[in-house]
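All values below come from the heavy atoms of this structure, side chains included, with hydrogens, waters and symmetry mates left out. Bear in mind the structure is a predicted one, so any value in this text is a computation, not a measurement. By convention in this document, chain letters (A, B, ...) are assigned in the order of the sequence lines, proteins followed by strands, and residues within each chain are numbered from 1.
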There are 2 protein chains.
Amino acid sequence: MTDPLVTILDDAPEIRQILADALEDAGFRTMSFGRATEFEAFLRKTTPAVCLVDLSLPDKDGLTLVHRLALEQGAVVIIISGRAQVQDRVMGLELGADDYIIKPFDPAEVVARVRAHLRKERSAAQAQSNIATFNGWTANFDSYVLENDENPATPFSHAEGEVLRLFLDSPKRLISRAQMQESLGGVAGESFDRAMDVRISRLRTKLREDPKNPRLIKTIYGAGYIFLGDVTWV
Amino acid sequence: MTDPLVTILDDAPEIRQILADALEDAGFRTMSFGRATEFEAFLRKTTPAVCLVDLSLPDKDGLTLVHRLALEQGAVVIIISGRAQVQDRVMGLELGADDYIIKPFDPAEVVARVRAHLRKERSAAQAQSNIATFNGWTANFDSYVLENDENPATPFSHAEGEVLRLFLDSPKRLISRAQMQESLGGVAGESFDRAMDVRISRLRTKLREDPKNPRLIKTIYGAGYIFLGDVTWV
DNA sequence: GACGCTTGTTACAATTCGTAAGGTTTAGGA
DNA sequence: TCCTAAACCTTACGAATTGTAACAAGCGTC
């Protein structure tokens, strides 16, 4: 996929320049416009991923433009404006803008906000994969199945998955029982300790660990556990 | 559909109150939390539409919480923080937050921003289409028919369609039994639980799910269901 | 009214997962 | 070296949760 296109609509050339530089450094393609009419002509041919729009335009009312843009094209619309009043911001957002940034702005924040909006759009369509490999094993958190060459697909439960995920997220690091208890939603002070033991025990049998000599889930007496696999998330 | 649920996580009761009042006036349901651990326990049971999170929490690092929230649950995350530095804002946004509001805030703007994010999500999710595809399947809500390469057109009923639509509208997100019950018009407290089970069971057979190892509709024991398809509305 | 379809209800089977109980391991002191 | 207490592991059990087959009620069609 090509880099997402971000358009900049502002009558001040120096602001267009600052935004364009920052966005291009961040890996976006940009198109800049000084007048709304030019911009509208461009919109007839292409739909950008994100539109940065200044409200104070010489040749057109910015708000109606924003309204149409958001409603008809479905692009992400970010208003960049010198009008800092709460009413202005609320009106801009109600009219269809997705964000409202006040001048003077920091280019880094603009880039971060553009990224955040694009990320959201994308994550709605395709969430990241949930598969990890370690020492010959493959753990699939979509189908909740463990697998390796010698062993057929072994399903694991949600509770076991919580523990496994905790290990896979911080391999080769000590995980204290207190930490684990918190991550697993156990209420402190309760007798959740034994429950944890059991979860780990069950996970170990599914990983075909030798009880006398566990290779993956190592117990540190009095401290916690360490997961020793070489983890790669696919 | 019922009003969207907005959660508020802030250690200051007066701020929780202000936000809750403003949001409820605007027609949202709210849930307030003063501690991250309480909030996390709640998240195990249901997924809110929007989460307002203060970063300075007494019992936990807010940023890692935001990160997990955004990544795993896919909810809209809005940070509300007193830290006004650009670096703070950029970091928050990069870590997965969808918006960053600085204290002191105007409740009207918070409401407007919540609305803006929800509007975007909804328009992206279901672009007034009645046909969705996922993992080789095509679901047509006009003709109430399911289809894929291996299986001929399989009609599904209205009740099955309600469940399927719920899944297709929020794929890869935990849907609690309570949420589902509400969406399906079941009256709480009744013995609607079994009916839900049965609906899901019937839907599963139509989707040719392997009972031992369902690939699309995943049960989370004690919590709810997750639909794992890659959904695209046509 | 008979038929077919939908859908909730009931009853029972299957699964999940914490708890209890007893065994094993570990660290450290005598 | 041996003993002891604490930490940890494992097995069995059972309560709670979830799955599903079978039945029955409701509804439209012929």
Worksheet item: A/Glu147 and A/Thr138: side-chain donor and acceptor closer than 3.5 Å?
Response: no
Worksheet item: Taking everything shown except B/Arg204 itself, do over 12 heavy atoms lie less than 6.0 Å from its CZ?
Response: yes
Worksheet item: In a check of side-chain hydrogen bond (donor to acceptor under 3.5 Å, both in side chains) between A/Tyr225 and each of A/Arg173, A/Lys218, A/Arg177, which one passes?
Response: A/Arg177
Discussion item. Between P on C/dC12 and CG on B/Asp193, what's the gap in Å once rounded to a whole number?
Written reply: 19 Å
Worksheet item: Whole Å only: how far is the CG atom of A/Asn213 from the P atom of D/dC9?
Response: 14 Å
Practice prompt. Name the nucleic acid region contacted by B/Tyr225, choosing base, sugar-phosphate or nothing; use a 4.0 angstrom heavy-atom cut-off, strictly under.
Written response: sugar-phosphate
Fill in: Distance-only polar pair, side chains of B/Asn148 and B/Asn151, donor-acceptor under 3.5 Å
yes
Worksheet item: Roughly how many Å is it from CZ in B/Arg177 to C1' in D/dA16, rounded to a whole number?
Response: 12 Å
Worksheet entry | Nucleotide C/dG18, atom P - distance to CG of A/Leu203 in whole Å | 13 Å
Would you tabulate the nitrogen or oxygen pairs shorter than 3.5 Å linking the protein to nucleotides 25-27 of chain C?
residue: C/dT25; atom: OP1; partner: A/Lys212; partner atom: NZ; Å: 2.7
residue: C/dT26; atom: O2; partner: A/Tyr221; partner atom: OH; Å: 3.2

Identify all pairs in which a protein N or O lies below 3.5 Å from an N or O of nucleotides 20-25 of chain D, and state each distance.
residue: D/dT20; atom: OP2; partner: B/Ser201; partner atom: OG; Å: 3.3

Worksheet item: Any ion pair linking A/Arg89 and B/Asp106 (charged N to carboxylate O, less than 4.0 Å)?
Response: no
Worksheet item: Whole Å only: how far is the CZ atom of A/Phe156 from the P atom of C/dC17?
Response: 12 Å
Worksheet item: Can B/Arg215 and B/Glu209 be said to form a salt bridge (Lys or Arg N to Asp or Glu O under 4.0 Å), step by step?
Response: CA-CA 7 Å; B/Arg215 311 175 71 78; B/Glu209 292 269 73; over 6 Å; no
Fill in: B/Thr219 vs C/dT15: side-chain N/O to OP1/OP2 distance below 4.0 Å
no
Worksheet item: Does A/Arg199 make a side-chain N or O approach to OP1 or OP2 of C/dG18 shorter than 4.0 Å?
Response: yes
Worksheet entry | Pairwise 5' ranking along DNA chain C for B/Pro155 and A/His158, keeping only the more 5' one | B/Pro155
Discussion item. Looking at A/Val77, is its backbone amide N or carbonyl O close enough to the side chain of A/Asp98 to form a donor-acceptor pair, meaning the two atoms are under 3.5 Å apart?
Written reply: yes
Worksheet item: What is the distance from CD1 of B/Ile217 to P of D/dT18, rounded to the nearest Å?
Response: 15 Å
Worksheet item: For the residue pair B/Glu160 and B/Arg199, what are the closest heavy atoms and their distance?
Response: CG-O, 4.5 Å
Discussion item. In this structure, is the centre-to-centre distance between the rings of B/Phe167 and B/Phe134 below 6.0 Å?
Written reply: no
Worksheet item: Which whole-number value in Å describes the distance from A/Met196 CE to C/dG18 C1'?
Response: 13 Å
Worksheet entry | Atom-pair distance (NZ on A/Lys218; P on D/dC8), nearest Å | 14 Å
Practice prompt. Scan A/Ala195 against the nucleic acid and name what it touches under 4.0 Å (heavy atoms): base, sugar-phosphate only, or nothing.
Written response: base
